[in-house]
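The figures here come from the full heavy-atom set of this structure, side chains too, leaving out hydrogens, waters and symmetry mates. Numbering of residues begins at 1 and proceeds along the displayed sequence.
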Amino acid sequence: SAQAPTPTPVATAGVAEPSGALDYDIANGHFYKQANGQGGAGETGFAVEDAGLDGNGNTIKMGSGLQQLGGVAVLGYPISRRFKNVPDDAFPYQAFQNGVLQWAPVSRSARLANLMDELHDAGYDPTLEAMGYPRWQPDSSGGDYTAARRERLSWLDDPSYADLKEYYFRSGPNPELVYGLPSAPPRTYGWIRVLRAQRFVFASYNNGPVVTALVGDAAKKLGQFSGEMLTPQHPADTNLTAWMVKSAPAVAPAPVVYQ
């Protein structure tokens with residue numbers, strides 16, 4: 001990751017929980033208890049906010065980024081606090097059940113991180129395949145992005161996966177800017193049809209509607225996420241936007257080729 005001075009987290013005031021609510025508005029965003037490890041019981045959870053400053057002095061808008069990508073219906077509920085890979089990382093992240101948001105200071109926007117590439121680089125493909133995710137597959141581009149894009153998008157031309165292709169292109173003519181390029185041709189595992197991209201995985205169960213798979217939860221189970229970043233917050237905490245340093249995985253991820 002690019003390096004930048006570490007910003008000072010901005011404290012934000014918590015808001016009292018409405019009685020019995022699993023998620024609710026707070027001062028600068030929304031608070032979710034659904035993935036707090038207690039089935040939503042108790043008071044703890046994770047805040048998703050437009051608050052805190054990046055190294056350029058801009059507000060880190062994780063809440064707006066979540067909504068622009070389709071909200072929790074697409075990304076699932078938050079499963080972590082904000083975190084960084086190293087203390088002076090320019091990019092703050094937040095993990096959700098179905099993916100990871102990355103704040104990009106230059107574009108001043110939240111985007112999906114290349115989670116599936118990171119899991120591939122960390123050596124998790126055999127385990128992921130056993131969980132029903134296709135293995136990462138190389139292309140014949142020799143590192144040329146234009147050729148790689150053309151070949152990887154052509155993997156979606158199989159008509160038996162037309163619904164997965166339609167869902168992937170729903171974001172616009174350049175879906176790789178949102179989801180990343182396909183990491184492998186679509187695969188069928190029994191009654192599950194799956195498309196793996198760099199940042200997301202799409203699946204259809206029993207030929208039903210296409211949904212986003214729980215790859216954030218899978219990364220957590222594999223140990224890609226660990227440590228204090230996974231500790232639920234209390235809504236009254238004054239440091240809801242403070243970030244944690246992610247604990248290192250067993251194998252350090254190699255640089256991602258396609259951004």
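The nearest pair of heavy atoms linking L153 to P182 is CD2-CD, 4.0 Å. Across all their heavy atoms, P105 and N56 have their closest contact at CB-ND2, 3.6 Å. Minimum heavy-atom separation, R196 to D125: NH1-OD1, 2.9 Å. Here the closest non-hydrogen pair linking A122 and Q224 is CB-OE1, 4.1 Å. The minimum heavy-atom distance linking A203 with I192 is given by the pair CB-CG2, 4.4 Å.
Interatomic distance, CG of L181 versus CG of D139, reported as 8.5 Å (0.5 Å rounding). In this structure, the separation between OH on Y32 and CZ on F96 is 7.5 Å, given to the nearest 0.5 Å. Remark: F225 CZ to S80 OG distance equals 7.0 Å, nearest 0.5 Å. Distance check, rounded to the nearest 0.5 Å: CG of N207 to CG of D163 gives 7.5 Å.
Within 6.0 Å of the CZ atom in R170, the count of heavy atoms belonging to other residues, nucleotides or ligands exceeds 12. More than 12 heavy atoms of other residues, nucleotides or ligands lie within 6.0 Å of NZ in K165, so this atom counts as buried by the packing criterion.
L53 places a side-chain heavy atom less than 4.5 Å from the side chain of T59.
Not one N or O on the side chain of N174 forms a donor-acceptor pair closer than 3.5 Å with the backbone of E176. A donor-acceptor contact shorter than 3.5 Å links the side chain of N36 to the backbone of T44. Put simply, the side chain of K33 gets close to the backbone of G42: a donor and an acceptor are under 3.5 Å apart. Within the 3.5 Å criterion, the main-chain N or O of Y77 finds a donor-acceptor partner in the side chain of Q97.
With hydrophobic clusters built from ILVMFWY side chains whose heavy atoms lie under 4.5 angstrom apart, V215 shares a cluster with Y189. Residue I60 is not grouped with residue F46 when hydrophobic side chains (ILVMFWY) are merged at heavy-atom distances under 4.5 angstrom, including chains of intermediate members.
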Given R199 and L115, is the side chain to side chain contact (heavy atoms under 4.5 Å, CB included) satisfied, shown in steps? CA-CA 5 Å; R199 304 167 187 171; L115 175 60; 6.0 Å; no

